[in-house]
*Asks:* 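Have a look at this one before I ask anything.
In this chain, residues are counted from 1 in sequence order.
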Amino acid sequence: MEHAPIVVHRISPSGGRRVSLRAEGRETVLGVAHTDPDVIEFLRRAEVPDPDEVVLGGALPLIEWQGDAPHVYEAEPADTDVP
């Protein structure tokens, strides 16, 4: 199975998700996104065609959201209820 060329990695403990681009056998980190507009801007700077459609449209399998739900950038708070 071939991997998607754009990867949005799992949420980091401090929040945000690393975004990387796979091309020519290499993976380049584009930045850490805290919102969909961040991902769109990273892709625009990397000259990915139609970055809005890639992130928000999902029409083509160009983006892989790893480990967490798509479009979520902050970890769920731990249950801190202590009896």
*Asks:* For Ala46, what residues pass the side-chain contact (heavy atoms from CB on, under 4.5 Å) criterion, not counting sequence neighbours?
*Replies:* Leu21, Leu30, Val48
*Asks:* Are Val32 and Ile40 linked, directly or through intermediate hydrophobic residues, by side-chain heavy-atom contacts shorter than 4.5 Å (ILVMFWY only)?
*Replies:* no
*Asks:* In this structure, would Val72 and Val55 fall into the same cluster of hydrophobic residues linked by side-chain contacts under 4.5 Å?
*Replies:* no
*Asks:* Tell me which pairs pass salt bridge (Lys or Arg N to Asp or Glu O under 4.0 Å) where either residue lies in residues 25-36, with sequence neighbours left out.
*Replies:* Arg22-Glu27
*Asks:* Can you name the salt bridge (Lys or Arg N to Asp or Glu O under 4.0 Å) partners of Arg18, sequence neighbours left out?
*Replies:* none
*Asks:* Could you walk me through whether Trp65 and His9 pass ring-ring contact (aromatic ring centres under 6.0 Å, His included), step by step?
*Replies:* CA-CA 6 Å; Trp65 297 85; His9 299 267; over 10 Å; no
*Asks:* Assess whether side chain to side chain contact (heavy atoms under 4.5 Å, CB included) is satisfied between Phe42 and Val8, documenting all intermediate values.
*Replies:* CA-CA 11 Å; Phe42 296 153; Val8 180; over 6 Å; no
*Asks:* Find out if a path of hydrophobic residues (ILVMFWY) with successive side-chain heavy-atom gaps under 4.5 Å connects Ile63 to Val7.
*Replies:* no
*Asks:* List for me each residue that meets ring pair (Phe, Tyr, Trp, His ring centres under 6.0 Å) alongside His34, sequence neighbours excluded, and say none if there are none.
*Replies:* none
*Asks:* Just how far is it from atom CZ of Arg17 to atom OG1 of Thr35, taken to the nearest 0.5 Å?
*Replies:* 12.0 Å
*Asks:* Taking salt bridge (Lys or Arg N to Asp or Glu O under 4.0 Å) as the test, write out the residues that go with Arg45, two or more places apart.
*Replies:* Glu41
*Asks:* Going by salt bridge (Lys or Arg N to Asp or Glu O under 4.0 Å), name the residues that satisfy it together with Glu74, two or more places apart in sequence or in a different chain.
*Replies:* none
*Asks:* I need the minimum non-hydrogen distance between Ala4 and Pro61, along with the two atoms involved.
*Replies:* CB-O, 3.7 Å
*Asks:* Give a yes or no answer on whether the side chain of Asp68 reaches the backbone of Ile11 with a donor-acceptor pair at less than 3.5 Å.
*Replies:* yes
*Asks:* Got Leu43 and Val54 here, is their nearest side-chain heavy-atom distance under 4.5 Å?
*Replies:* yes
